[in-house]
Structures are given as C-alpha cells and as structure tokens.
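Here's the structure we're looking at; comments come further down.
Here is the naming used below: chain letters follow the sequence lines, and residue numbers restart at 1 for every chain. All of these numbers come straight from a predicted model, not from anything done at the bench.
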Amino acid sequence: MANLVQVIVDVPTMQTNQPYTYAVPKQLTDLVQPGMRVIVPFGAGKREVQGFVVGVIDESTYDGPLKPLAAVMDLAPVVNPELLQLSQWLANETYAFWISCLYTMLPNLLKGKTKRWVEVIDELSESDQAWLFGEENEVEFDELTHAVDKLERLIQLQRQGKIRFRYAVVDQARAKTVTAIQATQSFEKYEESLAELPKNATAQRQLLAYLQNLGDQVVTLKVAQEQSGLRPDIFRLGEHRGWLRKLQQEQYRDPMKDQAITPSQPLALNAEQQAAYDQIVPDIQQPQATVHLLQGVTGSGKTEVYLQLMAATLATGKSALLLVPEISLTPQIVGRVRSRFGEQVAVLHSGLSNGERYDEWRRIQAGEAKVVVGARSAVFAPLANLGLIIMDEEHESSYKQDESPRYHTRQVALWRGKYHQAPVVLGSATPSLETRARAAAGVYKREVLAHRAAAKTLPQVEIVDMRPEVQRRGETNFSNQLLTALHARLQRGEQSILLLNRRGFSSFIMCRDCGYVLKCPNCDISLTMHLDTHAMKCHYCGHEEGIPQLCPQCQSRRIRYYGTGTEKVAAELADLLPQARVIRMDVDTTRKKGQHQALLDQFGHHEADILLGTQMIAKGLDYPDVTLVGVLNADTGLDLPDFRAGERTFDLLTQVSGRAGRADKLGEVIIQTFNPQNYVIKLAQQQDYERFFAQEMQLRKLAAYPPYYYTVRLMGSHPDEKVAAKAMFTIRQQLQTTLAAETQLLGPTPRSIARLKNRYYYQIMIKYRADARLHQELLTLMHQAQQQFDRQFQLSIDPEPQYFM
DNA sequence: AGCACGCCGACT
DNA sequence: GTCGGCGTGCTC
C-alpha cells in the first residue's frame with residue numbers, strides 16, 4: 001500500500017538531485033510502484049514535471065506539507081529493481097544526476113515532453129481574445145513563440161493577472177497499433193446469418209465463410225483482406241452487423257523486417273577455440289560472476305566462441321547480452337547473431353529511430369527477446385535473468401560515454417554480471433592495459449587465441465622511414481615504396497586501403513628532418529600548440545614555452561605544425577595516380593545516414609581501386625580483393641598529448657594490418673612513419689601485443705598512469721576565462737588539504753580548445769592509488785561548487801577519462 | 001530549469 | 001514614488 005512515494009524529478013541540477021516525497025491520491029495507492037514514471041507538481045506556479053518513483057514509504061522524512069502526485073504515467077514499472085539500483089550506483093560513481101542516469105538507461109521516447117500552455121484566467125477584451133486565443137481559453141505556447149507581437153501582449157496580460165502559464169508533461173511513448181479483427185459469433189450463428197442473406201450478396205457470404213473458419217484467431221485487417229480477397233468496406237459492414245469486432249493491436253516496428261534470416265549451425269571449433277569455450281562455459285552452467293579476458297588475434301574466430309557461449313546460456317534458460325562498438329555493429333555481425341538465434345534477438349544501435357528503439361526495448365522488457373546485440377547503451381537492456389555478458393573489442397574508447405553520465409560500458413557490465421551471478425567475457429586482440437593487467441594479476445581469467453582460424457597467413461608488414469623521402473622529394477604523403485605498391489595493385493586489378501591517421505590533425509609540432517617532437521620536460525607528453533596565445537603548453541602540468549623556430553635537436557628550420565586531411569591527400573593521390581579510382585571516407589563524406597555503408601558497398605563491388613579514409617575504415621572490414629594496406633602517417637596518433645596514444649596507435653596498426661590478405665591472396669602492409677625506431681611501431685609490425693604490453697606497462701609505472709594509478713579529471717568552465725581559472729585554482733587548493741599523500745594533482749591547465757561555445761575550460765587531473773576520502777570529497781565538491789562560485793560556473797567530473805585533450 | 005523574493009537604478 | 005533589472009534561494 002503506497003501512501004507516500006519518493007520521486008526523482010526531471011530537474012537536472014545538483015540541488016534537486018535527491019528524492020522528493022509526494023502524497024499518493026487514494027485511487028492510485030494500489031497502482032503506483034517503484035520504477036514507474038509519474039507526473040508531479042514542482043515549485044511555485046502551475047508547473048508539472050516528470051519524475052521516477054524510486055521508493056515507497058509510510059512516513060515522510062520531510063517536515064513540510066506534501067503535494068500529491070498529479071498522475072502515474074505507466075501501468076507497469078519501466079525501470080525494474082535491478083536497473084533502479086544500478087541507476088543510483090551509477091549516479092554516485094560518475095558524479096552525475098540520478099535523473100540523467102535513469103534517462104540514459106531508457107529509450108528516448110520515455111522522456112516526457114514538457115509543453116507550455118497559456119491559459120485565460122480573467123476576461124479579456126474581445127480583440128485580445130480573438131487575436132490570441134480565438135474561441136479557446138488556452139493555446140500552446142510553442143505555437144506563439146515566433147510571433148513577437150503576440151508574445152509582447154501576452155507578457156503584458158500576464159502582468160495584469162489575466163493569463164497564466166501552465167506546464168504539462170506529455171508522454172511521447174506510443175506503441176504503433178494496427179487494426180485487427182476477430183470473429184464474434186459461433187459457427188452455428190454464422191450459419192444462421194448466412195441463411196438469412198439474399199443469394200446475390202456474394203461478398204457478405206464470403207465474409208461469413210471466412211469468419212467461420214477464423215475461430216478465436218485475431219488477424220490484422222490487412223492479412224484478413226489478403227486471405228479472403230475481400231475489400232475493406234465489407235469488413236466495415238460486418239462490424240456494423242455485429243459479425244466481427246475490430247480491435248487495435250500493438251505492433252513492433254521491426255528494423256530488420258526486410259532482412260531474411262537464414263538459419264545457421266554452430267561451426268566446429270578449432271582446438272584453441274574449444275579450449276577457451278571449455279574454460280568459460282562452466283561459469284555459465286554453474287553461475288559464477290567471473291570475468292574472462294578472451295584475447296584473440298584478428299581473425300582467430302572470437303565471434304564463433306561468443307555465439308556458442310550464448311547458445312549455452314540460452315540452454316540454461318537465461319538471456320545473453322553481446323556488446324560491440326558502434327562502428328563494428330555492422331549488418332555482418334548482426335546477421336550472424338540473428339541467423340544463429342532467430343527471432344529472439346533484439347538489436348540496439350544508433351541507426352534506429354526512436355520508435356524502433358522503443359519497440360526493441362519493449363520486446364526485451366517483455367521477455368520476448370532473450371539475446372541482445374548492441375552498442376554502448378545496450379548495456380542497460382532490461383534483460384531479466386541475465387546469464388552472460390560479452391563485450392567485444394573491450395578496449396574501444398567508444399565504450400566510454402563522453403557526456404554525463406560519463407560511464408564506461410565495462411564498468412556497468414561488471415556490475416550487472418555481479419548482480420546476476422553471470423560471467424562477463426571481455427574480448428579483444430589488443431586488450432586495454434587495465435584489463436590485461438587485471439588478467440595478469442589473476443583478477444580476471446584469461447583465454448588466448450593465438451592463431452588465425454582459417455589458416456590465413458599474416459600479411460607482411462613493412463615500415464617506411466619518411467624522413468629521407470621528404471628530404472628527397474619534398475612535402476608528400478606518399479613514399480616511393482607505397483606508390484610502387486599501389487601501382488602494382490592497379491595493374492593487377494586488386495584493391496588497396498589507405499589509412500590516414502587524422503587524430504593527429506591537431507596541434508603538435510614535429511621536425512620533418514629528424515622526427516623530433518617537442519615534449520614537456522616534466523611529463524614526457526607532447527606539448528600542444530596554442531595559436532591564440534602563441535605558446536606550447538603541456539596539458540598535464542601546465543608547463544609553457546614559446547613556439548620554436550628551429551628544431552632543438554637538429555637545428556632544422558623544417559619544424560612545423562603537423563597534420564593533414566583526407567581531402568589534401570586525395571588531391572595528391574589524384575596527381576600521382578590519375579588513373580586510380582578513389583573513394584574518400586571520413587566524417588565529411590559519411591555524415592548522412594547510410595552513406596557509410598553505401599561507400600563500403602561501392603568499394604566491395606569493386607567500383608574503386610583505393611579506399612582512403614580515417615579510423616573508421618580500420619575496423620572489421622573484410623574484402624577479399626584488398627591486398628595492400630597503407631598507413632600514411634602512423635605517428636600522428638602517437639605524438640598526441642595523451643598517455644594512451646601508444647595504446648591506441650598499436651591497436652589501430654594491428655587492426656588495419658589485419659585487413660590485408662584475408663583470403664587466398666598474400667597481403668602487404670606498408671606503415672609510413674617519421675619514427676621508425678619507436679617501440680609502438682616496431683611491435684605493431686611484429687604483431688606482438690604481449691611485448692607491447694610489457695613495455696607500455698613499464699612506462700605507465702614510471703609516469704604513474706593507469707593501470708598503476710586511477711585518474712579523475714575535473715573540468716570547470718565559465719564565459720569569463722579569469723573566473724574559470726580562479727575557480728579551478730580555488731578547487732585545487734581545497735582538494736590539496738584533504739588528499740592522501742600519494743595522490744597527485746596536476747593543473748589547472750587550460751584545455752587545448754580553450755574556448756568552446758563561448759566558455760573557457762580549465763582542467764585538473766587527479767592521479768591516485770588508494771584514497772579513501774577522495775570520492776566523498778568530489779561528491780561534496782560537486783554540491784558546493786554551485787553555491788561557492790559564480791552561477792555560470794560549471795564543473796564536471798570525469799572518472800577515468802579516455803582522452804586528455 | 002523556472003519562479004518568487006528582494007534590493008538598487010531610471011523613468012511616468 | 002514605481003517599474004523592472006538580475007543576483008539569490010528554493011522547489012516535496
């Protein structure tokens with residue numbers, strides 16, 4: 001019996017980030033449950049907001065008078081107890097508003113729209129009434145916002161107390177319905193009706209015969225028309241005569257309806273795959289909340305292991321969740337899962353419309369989908385009875401959400417695994433250092449697939465030193481070696497992929513003669529060029545120096561801003577190889593929905609010889625005719641001011657090398673670099689993840705970075721740069737007094753894009769190992785920052801940030 | 001976020 | 001004197 005409820009209201013501010021108590025009107029006491037959406041009055045004036053019931057209590061903890069719920073929006077909870085608990089944990093863990101976490105877990109359509117209405121409360125002059133309201137006594141405010149003259153008059157009338165604003169929440173969640181019919185009478189009754197009909201009423205006779213055969217079935221009107229060959233008007237007539245009943249049936253919008261499912265059988269596992277499977281499957285059958293790292297080289301057949309583990313999970317009557325990065329959520333992988341598990345698969349990805357997403361979510365909620373494949377936010381899929389969570393390419397940085405709540409999918413997956421006593425499998429060819437280190441420490445189990453599944457040979461990887469090339473031929477993105485190789489492919493009618501590592505397009509300085517990159521003397525991280533202030537700055541410690549004219553190492557004048565775009569490269573390519581047909585792929589050419597796939601299809605159909613693109617082409621593509629992969633500028637990612645630069649570059653080079661020669665033809669990979677001696681490049685050439693891991697760990701240890709230390713970034717912003725800086729210095733000082741001895745504070749430093757949307761950003765990095773008080777300190781800081789500083793000052797806290805620029 | 005309350009400048 | 005600017009505090 002719910003007398004009072006605790007509600008999290010949809011007002012995302014720190015001051016309202018707590019449950020509010022509401023009285024439950026008598027007629028709703030049996031209905032309202034935790035996890036349901038409600039509409040509540042909030043604040044002065046006629047204002048309503050949406051909220052979530054997070055608790056049912058008997059006695060109020062709040063002294064003041066309680067307002068009653070205005071309405072309950074759901075008949076059943078939209079957030080089950082598990083996810084309710086998760087949302088609270090997540091808010092605390094990521095320093096986010098509880099309400100934001102709740103919305104993050106749900107399809108967009110469940111976020112009610114706040115509509116404003118203008119309501120007449122006192123008699124208006126006839127002209128005002130007619131001009132503003134017509135016959136009505138209220139109008140929707142949004143319809144007036146463009147008419148400035150009306151707006152002005154309304155404000156005047158409001159002052160006179162003749163009108164007022166009213167806010168209401170409108171639920172956007174609509175199930176798509178379709179008309180269906182059902183027979184209402186018995187076979188014999190229809191027989192009687194039939195006898196009464198005139199002989200020439202053939203259509204009606206056919207209808208009656210059709211209904212007689214229908215029994216209890218409910219058939220959509222469309223299907224009924226097709227089956228009976230009758231027109232819609234006959235069905236209308238039948239309804240009038242009481243022969244049939246029309247009803248509205250809910251229908252799921254099926255994003256896959258056009259794609260046929262061809263069932264597939266499990267493939268035979270090779271010895272390595274089988275061994276990995278055998279290690280993991282007991283934890284599914286006798287449920288254990290273990291974590292497994294499945295470390296398999298590209299092409300080793302991880303997916304087949306996933307599919308068979310999922311099948312084993314379904315066999316125990318439980319459900320399974322497969323998480324993949326958005327970029328590799330291609331029709332291929334979805335197709336494989338669907339062909340194995342059929343209709344019980346739900347797919348969640350960014351390409352779905354709100355309606356489709358809502359419907360897939362409802363299928364999961366209703367228990368109709370037992371297998372979910374999806375990107376980041378699918379980790380919140382309301383699967384009951386979870387028996388297995390798989391996270392493919394677990395090292396991908398897109399698993400971390402870069403807006404509030406700044407959660408990492410892995411962190412949520414591990415939480416849910418624990419909650420359900422279900423194993424979590426983290427798959428990757430190049431695991432994140434955090435994960436690999438935990439496996440080394442025995443916290444995670446580790447299974448290795450060291451060989452390619454289908455006896456494919458690894459391509460030959462060559463490194464080309466660009467320094468002599470550029471000395472000899474001037475500015476160019478193409479070495480002789482690469483040009484020769486491209487030429488050969490053109491003549492043989494084979495295809496090539498060229499990767500432009502454009503993440504380096506930003507702002508660091510490198511010497512074109514010796515490859516020297518200007519680094520911070522304190523941090524061993526590249527300095528970032530700030531053109532606005534004409535300075536080189538370190539984003540970690542704040543070190544600053546002038547922009548050099550000469551290379552400090554070799555005194556060359558050819559030290560410059562480094563970076564290049566696909567457009568420029570495409571132009572150069574057209575110049576060097578005019579006969580080649582080139583497809584350019586980057587954010588500019590793939591902005592429109594479906595364009596990405598269209599370009600890939602074109603390439604797949606051999607309508608081009610060369611695919612030139614950024615990161616997005618590095619992953620998961622598999623074209624049999626591609627025998628050459630060229631990486632134009634391997635270093636640009638490497639020299640970013642980010643301690644994960646090496647890890648990302650290694651991953652990128654490994655992935656892209658896996659693209660060449662996957663079928664019967666031998667592949668060749670050419671990596672162009674100004675740093676041929678760099679360990680990342682060399683180890684990527686040898687495809688030796690384990691040695692890379694060992695070496696990188698040493699560096700991380702020396703510099704006190706993850707996984708040896710945890711990191712948190714505080715980002716403060718304000719329209720006035722001075723205010724932002726001052727507030728962040730104050731925060732640093734406050735924190736300093738309470739931190740553990742080992743904890744390090746770096747900054748505040750301005751962000752490389754110091755001004756964004758007319759706000760200035762300053763950041764503080766915190767590195768810590770064990771600091772019992774830090775979390776609480778940060779939560780407190782989040783609260784008091786609102787009061788302590790200018791109202792326009794905004795503070796965000798990002799635990800374990802993925803990028804440092 | 002939206003609203004009331006309250007304290008200072010410039011107008012009927 | 002009052003209208004209205006926006007800084008501050010509060011919303012069950």
Q. Taking the side chain of A:Arg791 as heavy atoms from C-beta outward, which of C:dC12, C:dT8, B:dA1 is closest to it?
A.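 Closest nucleotide among those given: C:dT8.
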
Q: Report the nucleotide, chosen from B:dA1, B:dC3, C:dG9, that has the shortest atom-to-atom distance to any side-chain atom of A:Ala44.
A: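 Of the candidates, B:dC3 comes closest.
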
Q.
Tell me if a side-chain donor or acceptor on A:Ser717 pairs with a main-chain N or O of A:Arg759 at a distance below 3.5 Å.
A.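 Checking the backbone N and O of A:Arg759 against the side chain of A:Ser717, no donor-acceptor pair under 3.5 Å is found.
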
(Q) Please check: side-chain N/O of A:Glu360 versus main-chain N/O of A:Ala346, any donor-acceptor pairing under 3.5 Å? (A)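 Pair absent, no side-chain N/O of A:Glu360 close to backbone of A:Ala346.
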
**Q.** Mutual orientation of the aromatic rings belonging to A:Tyr710 and A:Tyr768 [parallel < 30°, tilted 30-60°, perpendicular > 60°]
**A.**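 A:Tyr710 vs A:Tyr768 ring planes: tilted.
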
Q: With heavy atoms under 4.0 Å as the rule, sort A:Gln6 into base, sugar-phosphate or nothing.
A: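 Result for A:Gln6 = nothing.
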
Q.
Just to be sure I understand the rule, does A:Pro41 reach a base, reach only the sugar-phosphate, or reach nothing, if contact means heavy atoms closer than 4.0 Å?
A.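 The answer is sugar-phosphate, as A:Pro41 gets under 4.0 Å only of primed atoms, P, OP1 or OP2.
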
Rounded to the nearest Å, what distance is computed from the [atom1] atom of residue [X] to the [atom2] atom of nucleotide [N]?
X	N	atom1	atom2	result
A:Asp63	C:dC10	CG	C1'	16 Å
A:Gln18	C:dC10	CD	C1'	11 Å
A:Tyr62	C:dC12	OH	C1'	5 Å
A:Arg164	B:dG2	CZ	P	18 Å
A:Lys67	C:dT11	NZ	C1'	7 Å
A:Lys46	C:dT11	NZ	C1'	17 Å
A:Gln15	C:dT11	CD	C1'	10 Å
A:Ile99	B:dG2	CD1	P	15 Å

Q. Picking from A:Trp98, A:Tyr62, A:Phe42, A:Phe52, what satisfies ring-ring contact (aromatic ring centres under 6.0 Å, His included) with A:Tyr20?
A.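 With A:Tyr20 as partner, A:Trp98, A:Tyr62, A:Phe42, A:Phe52 yield a single ring-ring contact (aromatic ring centres under 6.0 Å, His included), made by A:Phe42.
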
